[in-house]
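Below is one structure, written out as structure tokens; comments come after it.
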Amino acid sequence: MMTDFEKNPRQDVISQLHHFAAVGDAARVKALLSYSPSLVNAATDNGWTALMYGARNGHLEVVQVLLEEGCDRSIVNKSRQTALDIAKFWGYKHIANLLANVKGGQRPNFKECENYFGLTLLDRRSDKRTDSKWLSQKQSHPTTVYILFSNLSPLVTSSGGIESSQQPEVKLCRLSYKDVEQWMKQTEEVTLVFLGVELQFHMNLLSACNGKVLQEVEEDGLVAWFALSVNSAEKYKQEHEDHYFLHPPMPALLQLPEKEAGVVAQARSVLAWHSHYRFCPTCGSATKIVEGGYKKTCLKEDCPSLQGVHNTSYPRVDPVVIMQVIHPDGNHCLLGRQKRFPPGMFTCLAGFVEPGETIEDAVRREVEEEAGIKIGQVQYVSCQPWPMPSSLMIGCLAVAVSTEIKVDKNEIEDACWFTREQVMEVLIKGNQRSFFVPPSQAIAHQLIKKVLHREGNKHPLFKKTNLIILIFK
Ligand code: ZN
Ligand code: MG
């Protein structure tokens, strides 16, 4: 029989949130919102929010938590009351005071930008990496999902496309232990990485909230995911003609569904680390893989890397700054191209952060090196894991304080100022005869779009210079 929860999970979680707010359980309100921050202002049919329930019942701590989580105090219910009205009506003066006097009005409820490769299906559960009993039980568990890699390319299948007019849908092949058993025995030639468990927070959270004890290992209900890298999959491919490895990674990986792309980003970067760093960076000895694939330990007994914590033992992430440079007039942006790009493609300038350098200085240095443009203020926007093999693209807006372009031909082929109208047209109409920009999956595309969405000199970097200095200095 279907429970109400299964029929309408969102509604049920909202009811739980309101219940916790009404009974004054601030800890659970906080826990629930940490999983589902978007529910902070969710209302029932009568327009009541969690804040109103907290205020109605005099729970100061609940009200504080909700304010910290950025809830909107100005929402009114069907009776046209705000949470403040409700607190006053029921005589909770301390709550009314709090609601009336929160500094600076509503906390800006800024949304984290969600870029491609940044969304995932999994909770990494790093706590399980050292639980070898759990890991080995999950490895052969029937619900466990394996994704297969060969030469750092994931095994996929595609549907539609041929007969339908739509683009074929490319999806990861979710294999079971039975499918991969043949490789698991050849431990010399395969690399196994524990990726996490399927996100099913609503279900788990609700059972935790209801006080049900989660069962022991075998029946914890968690669906584990592993990445398995194999040397040869020829025989397998002969048996499964519709399965193939996505190659070359760029731009092929951009065809994956967003949440699978995040899983591939995680898996590919860790597997690339294993394949590129085969020996101990400290002494050159052989290493063994431990902690579910997230650590390498040197096999030489007295290696200094065995004492204390060393970053050489863990997967690497390489920070890259990528910036949308805005002309001092606010109406042009700087885009460049490298020789290896397809003809006509222009994008944001980018470069690796150097040791001992801040993000802001890396932006200023790269833009000056590559295009000869001097940069003033720099503002972080959002980031994107880029698994080629393990970069983290740190997206910024940067305001130019000079305009004369001097291209360093060793670094890039060309750089130009483009007008807002030119860029707008390219984004709306796609591939133009004159030039085009990377697809929407690339953070560069999102940064370029961001500039357009703001009216020229109304851009906050121009309007509120003092404020920006305050925040970013
Ligand atoms: Zn060593
Ligand atoms: Mg450079």
Side-chain angles (χ1 to χ4, degrees), residues 191 250 270 273-291 293-326 333-342 345-376 378 380-381 383-384 386 388-402 404-417 437-438 442-444 447-448:
T191 307
M250 280 309 289
V270 178
W273 175 62
H274 286 301
S275 85
H276 298 164
Y277 295 79
R278 293 179 170 272
F279 299 96
C280 171
T282 304
C283 75
S285 300
T287 56
K288 73 164 186 226
I289 297 175
V290 295
E291 296 192 4
Y294 273 77
K295 187 176 182 183
K296 273 186 208 276
T297 308
C298 182
L299 291 173
K300 189 163 164 263
E301 222 170 275
D302 56 349
C303 176
S305 75
L306 298 176
Q307 303 292 323
V309 178
H310 299 272
N311 62 355
T312 52
S313 306
Y314 299 94
R316 59 180 298 150
V317 178
D318 305 307
V320 173
V321 286
I322 178 163
M323 44 278 173
Q324 175 60 298
V325 177
I326 310 161
C333 65
L334 182 72
L335 300 175
R337 54 171 282 107
Q338 295 183 2
K339 269 197 204 88
R340 61 182 178 84
F341 286 179
M345 189 176 99
F346 279 80
T347 186
C348 299
L349 301 185
F352 284 102
V353 178
E354 291 194 349
E357 189 175 47
T358 64
I359 291 170
E360 292 83 349
D361 283 342
V363 168
R364 285 187 269 264
R365 176 182 53 72
E366 282 289 338
V367 177
E368 189 161 3
E369 281 174 8
E370 294 185 352
I373 298 290
K374 289 203 185 304
I375 295 296
V378 173
Y380 168 77
V381 177
C383 65
Q384 176 174 50
W386 193 252
M388 321 296 159
S390 55
S391 294
L392 177 66
M393 309 298 284
I394 303 168
C396 297
L397 296 184
V399 179
V401 293
S402 74
E404 197 192 326
I405 296 171
K406 239 183 96 195
V407 170
D408 175 357
K409 292 279 180 185
N410 293 322
E411 293 245 18
I412 56 175
E413 189 181 71
D414 199 7
C416 318
W417 291 112
V437 298
I443 189 173
L447 289 171
I448 293 167

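Both counts, for ligands and for their atoms, begin at 1 and track the order of listing.
Here the CD-CD distance, from E357 to E366, works out to 7.5 Å after rounding to the nearest 0.5 Å. Separating the CD1 atom in I375 from the OG atom in S402 is a distance of 7.5 Å, to the nearest 0.5 Å. Rounding to the nearest 0.5 Å places SG of C396 at 7.0 Å from CD of E360. Annotation: the span from T287 atom OG1 to K295 atom NZ amounts to 12.0 Å, rounded to 0.5 Å. Taken to the nearest 0.5 Å, the CG atom of L335 stands 9.5 Å off from the CH2 atom of W417. Taken to the nearest 0.5 Å, the CE atom of M323 stands 9.0 Å off from the CE atom of M393.
With salt bridges taken as basic N to acidic carboxylate O contacts below 4.0 Å, none links K339 and E413.
Below the 2.8 Å limit, the Zn ion (ligand 1) has as protein N, O or S neighbours C280 SG, C283 SG, C298 SG, C303 SG.
Paired with V321 under the rule side-chain contact (heavy atoms from CB on, under 4.5 Å), one option of I359, L349, T358 passes, and it is I359.
When only modelled atom types and interatomic distance are considered, S390 and D318 share a side-chain donor-acceptor pair under 3.5 Å.
Here the Mg ion (ligand 2) has protein N, O or S atoms under 2.8 Å from it, and they come to 3.
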